[in-house]
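Reviewing the structure listed below.
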2 protein chains.
Amino acid sequence: MTVTLADVAARAQVSPATVSRVLNGNYPVAASTRERVLRAVDELDYVLNGPASALAAATSDLVGILVNDIADPFFGIMASAIQSEIGGPGGRAGGERLAVVCNTGGSPERELTYLTLLQRQRAAAVVLTGGAVEDSAHVEAVGSKLCKLAAAGTRLVLCGRPPAPEAITLTFDNRGGAHRLTEHLIALGHRRLGYIAGPVERTTTRHRLEGHRAALAAAGIADDPRLTVHGPYDRRAGYAATLELLCRDPSLTAIVAANDTVALGACAALRDSGLRIPEDVSVAGFDDLPFAIDAVPALTTVRLPLAEAGARAGRVAMGREEAPPGGIATVRGKLMVRGSTAAPRSAGRAG
Amino acid sequence: MTVTLADVAARAQVSPATVSRVLNGNYPVAASTRERVLRAVDELDYVLNGPASALAAATSDLVGILVNDIADPFFGIMASAIQSEIGGPGGRAGGERLAVVCNTGGSPERELTYLTLLQRQRAAAVVLTGGAVEDSAHVEAVGSKLCKLAAAGTRLVLCGRPPAPEAITLTFDNRGGAHRLTEHLIALGHRRLGYIAGPVERTTTRHRLEGHRAALAAAGIADDPRLTVHGPYDRRAGYAATLELLCRDPSLTAIVAANDTVALGACAALRDSGLRIPEDVSVAGFDDLPFAIDAVPALTTVRLPLAEAGARAGRVAMGREEAPPGGIATVRGKLMVRGSTAAPRSAGRAG
DNA sequence: CTGTTAGCGCGTTCAC
DNA sequence: GTGAACGCGCTAACAG
């Protein structure tokens with residue numbers, strides 16, 4: 001019922017092998033023959049059988065992209081950029097590659113499950129994005145999974161994730177970005193800063209927090225553990241954490257959030273508490289997602305070149321761009337100072 | 001080198017067929033045998049070969065999801081919801097299904113290309129999301145492609161897209177939502193409303209615009225074509241269109257945007273023009289994406305149940321939920337009145 | 001409940 | 001430059 005390569009061959013009066021060569025284009029074929037084959041393909045409305053092709057060639061045109069949450073623009077932007085670079089020449093049958101997006105929801109188990117599923121599909125490459133869970137058992141499990149994938153010929157790239165020996169890595173300088181951000185706040189005169197951290201045991205959370213604390217330490221500001229609250233990377237967490245921080249220390253003059261989404265929640269909580277931004281409390285985010293500039297006042301944050309990093313990850317995954325020296329490249333964030341941060345009201349007296 | 005099903009069979013002292021049955025779980029196997037097989041699988045670290053399995057069974061565990069732009073939360077939210085429902089029991093080898101997300105960028109050619117690629121992969125199902133391009137040649141081309149996919153056993157679902165005879169459809173009531181939104185503005189006393197429409201020749205654009213115009217007509221307000229500007233669904237377009245509208249008619253008191261993202265751009269343009277929202281100009285969006293509530297003032301918009309619709313589309317695609325009567329279900333939007341809309345300043349006099 | 005036997009549709013050696 | 005033959009790894013009948 002379904003038309004196969006053999007049918008095309010029969011109609012074009014050539015052997016199946018020749019049809020295969022024409023379709024994959026990586027073999028010399030006489031122009032006239034090629035045209036005849038192509039016409040037959042067209043007339044028969046033939047579509048290559050991907051699984052059969054993958055089986056015979058022992059490799060597929062699938063590229064896995066692991067994300068924590070595809071509904072979050074942070075991942076959506078990277079996924080989009082990666083996907084835009086995986087097509088083009090080089091693959092089987094036209095070089096079109098398909099992106100398999102896997103939503104792990106930040107769950108270690110699902111991450112492993114998806115990696116196995118991708119291994120099963122004989123994925124040509126896999127890109128893991130975003131922060132990783134720090135549990136050592138999981139790190140080891142992922143590492144061994146990555147080794148197996150690599151052994152099977154799957155190219156591995158980490159994007160916005162800490163380096164792993166098994167893969168080429170484009171990591172974000174979360175620590176440095178956070179450091180500069182808090183430094184900026186301190187320079188404005190802030191001394192009591194609340195910090196809304198991400199979920200515990202995530203590398204992103206830890207690195208950003210470390211950068212924040214390092215900046216505090218460098219300025220001789222004692223780190224008050226009561227001024228750090230952990231929570232998920234969402235708006236509600238930012239809202240709740242802000243109320244909590246305000247309650248713990250009504251005198252704080254600035255709130256640094258783990259990311260922009262959380263910062264938006266913080267802004268809402270502040271407004272609902274009758275506090276003005278930045279007059280009463282400064283707020284800062286991280287990532288510089290598209291909506292950050294539309295917050296009122298516009299959000300001071302650290303811009304991560306998500307699209308650029310994703311695009312590069314995609315090219316590296318396809319072998320179209322050389323891996324960075326040592327297999328690791330660090331991508332820096334850029335401090336974006338906007339209206340949500342200003343000197344605290346007491347700065348005149350205090351400074 | 002790579003371990004195959006035969007290796008597992010040998011180690012478990014059973015036939016390859018039995019191993020297959022255990023792995024796919026859709027066939028009676030003695031508990032003791034199953035356990036032996038499972039142990040062998042574990043010891044050998046065996047991973048099923050997806051392509052081989054798909055070839056033999058003539059169906060794969062891949063589900064295609066076509067989106068215009070995965071970096072846009074509108075699509076990210078739907079994709080996430082769809083994906084959350086495609087796993088679970090029913091498929092081969094544990095029922096885990098993989099989501100192949102295809103970014104068409106709104107291009108008809110890429111849409112067709114991706115459909116062909118999905119056909120090549122023998123996708124178990126394909127969900128097309130968001131508005132469609134209205135060019136008749138393209139509509140026909142997509143229709144014929146969908147027929148072929150359906151003929152090959154691929155389940156087809158349209159989510160947030162106008163009905164097509166070839167697929168089960170969950171469509172959004174864009175027209176009705178837009179109608180209610182503009183009605184709300186008119187009730188507040190607005191008479192000069194600017195409309196920032198989406199790209200031309202897209203169903204979403206047309207339906208929302210039609211709803212808007214119908215509301216104007218119902219209120220006896222003449223439709224001034226100069227008060228409608230088309231543009232892409234992004235922030236910059238909203239910004240530029242607003243400046244243009246302001247220039248064309250400085251007396252307008254409200255701006256209705258094609259979606260929330262565009263509305264955000266409109267707000268920025270208004271602020272930069274020294275106009276207050278909603279005192280000088282009211283602004284309304286569409287979709288109610290997560291950030292809409294964080295705009296200042298919070299955005300009046302029409303909430304589309306993206307996650308619910310996506311989840312339902314996923315279930316329908318998997319045959320886990322019965323198709324709606326007639327194969328078509330219309331999902332209504334809900335008007336969310338918030339701070340960005342209010343009576344125009346002249347309302348006291350005018351009304 | 002389990003083993004045997006055929007393909008699934010294509011890529012890839014080899015020869016010619 | 002082209003054809004013939006084999007096998008990729010698995011599932012699906014069919015027996016038993």
Side-chain angles (χ1 to χ4, degrees), chain A residues 1-38 40-41 44-61 91-95 119-122 124 152-153, chain B residues 1-38 40-41 44-61 91-95 119-122 124 152-153:
Chain A
M1 208 221 89
T2 109
V3 25
T4 76
L5 194 149
D7 299 329
V8 175
R11 198 176 213 304
Q13 317 217 53
V14 295
S15 75
T18 300
V19 178
S20 171
R21 293 192 255 249
V22 170
L23 261 24
N24 289 311
N26 27 344
Y27 225 78
V29 173
S32 64
T33 312
R34 163 191 278 94
E35 190 173 341
R36 206 142 35 91
V37 169
L38 256 19
V41 165
L44 261 31
D45 210 21
Y46 171 68
V47 175
L48 198 61
N49 183 316
S53 163
L55 172 58
T59 169
S60 80
D61 283 334
R92 335 192 56 69
Q119 178 182 7
R120 174 184 301 181
Q121 293 298 334
R122 305 300 188 253
Chain B
M1 207 219 93
T2 107
V3 23
T4 76
L5 192 147
D7 299 330
V8 175
R11 197 176 213 304
Q13 317 219 52
V14 295
S15 74
T18 299
V19 177
S20 172
R21 296 196 261 251
V22 170
L23 260 23
N24 289 310
N26 29 343
Y27 229 81
V29 172
S32 64
T33 311
R34 163 191 277 91
E35 190 172 344
R36 207 141 35 90
V37 170
L38 256 21
V41 165
L44 260 32
D45 210 20
Y46 171 69
V47 174
L48 197 60
N49 183 316
S53 163
L55 172 58
T59 168
S60 80
D61 284 332
R92 338 191 55 67
Q119 179 183 5
R120 175 183 299 180
Q121 294 299 331
R122 304 300 189 256

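All values derive from a computational prediction rather than experimental measurement. Naming: A, B, ... by sequence-line order, numbering from 1 per chain.
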- Query: Nearest-Å distance, CZ (A:Arg120) to P (D:dC8)?
  - Reply: 21 Å
- Message: So if I take every side-chain heavy atom of B:Val14 and compare against C:dT2, C:dG11, C:dG3, which nucleotide ends up nearest?
- Response: C:dG3
- Message: By nearest atom, which of the nucleotides C:dG9, C:dT2, D:dG3 is closest to the A:Asn49 side chain?
- Response: C:dG9
- Note on the structure: For B:Leu55 and A:Pro51 the tightest heavy-atom approach is N-CB, 3.8 Å
- Query: When the distance from CG of B:Asp61 to C1' of D:dT11 is rounded to whole Å, what number comes out?
  - Reply: 13 Å
- Note on the structure: Nearest heavy-atom approach of B:Arg120 to A:Leu48 is CG-O, 3.0 Å
- Rounded to the Å, how far apart are A:Gln121 CD and D:dC8 C1'? 16 Å
- Message: Give me the atom names and distance for the closest heavy-atom approach of B:Val22 to B:Val29.
- Response: CG2-CG1, 3.8 Å
- Item | Listed partners of B:Ala30 passing side chain to side chain contact (heavy atoms under 4.5 Å, CB included), at least two apart | B:Ser32, B:Thr33
- Of B:Ser32 and B:Ala52, the one whose closest nucleotide on DNA chain C sits nearer the 5' end is B:Ser32
- State which residues pass side chain to side chain contact (heavy atoms under 4.5 Å, CB included) with A:Ala10; sequence neighbours excluded, sorted by chain then number. none
- Note on the structure: Residue set satisfying side chain to side chain contact (heavy atoms under 4.5 Å, CB included) with A:Ala124, at least two apart, ordered chain then number -> none
- B:Thr33 side-chain N/O to C:dC1 phosphate OP1/OP2 under 4.0 Å: no
- Tell me, which pairs form a salt bridge (Lys or Arg N to Asp or Glu O under 4.0 Å) where one or both residues lie in residues 5-24 of chain B, sequence neighbours left out? B:Arg11-B:Glu43
- Task: Specify the separation, in whole Å, of atom CG of B:Asn26 and atom C1' of D:dA13.
- Result: 14 Å
- Message: Rounding to an integer number of Å, can you tell me how far B:Leu44 CG sits from D:dG9 P?
- Response: 14 Å
- Query: If you check every side-chain atom of B:Ala56, which of C:dG11, C:dC8, C:dC1 has the closest atom?
  - Reply: C:dC8
- Query: How close or far is atom P of C:dG9 from atom CG of A:Asp7, stated in whole angstroms?
  - Reply: 9 Å
- Return the value, rounded to whole Å, for the distance between atom CG of B:Leu5 and atom P of C:dT4. 14 Å
- Message: Using the side-chain heavy atoms of B:Leu55, tell me which of these nucleotides is nearest: D:dT11, D:dT2, C:dC8.
- Response: C:dC8
- Specify the residues of residues 15-22 of chain B, ordered by number, for which at least one heavy atom lies under 4.0 angstrom from an atom of DNA chain D. B:Ala17, B:Ser20, B:Arg21
- Earlier contact from the 5' end, DNA chain C, for A:Val47 and B:Val29: B:Val29
- Message: By nearest atom, which of the nucleotides C:dG9, C:dC1, D:dA12 is closest to the B:Ala57 side chain?
- Response: D:dA12
- Task: Check the distance between D:dA12's P and B:Leu23's CG and give it to me in whole angstrom.
- Result: 13 Å
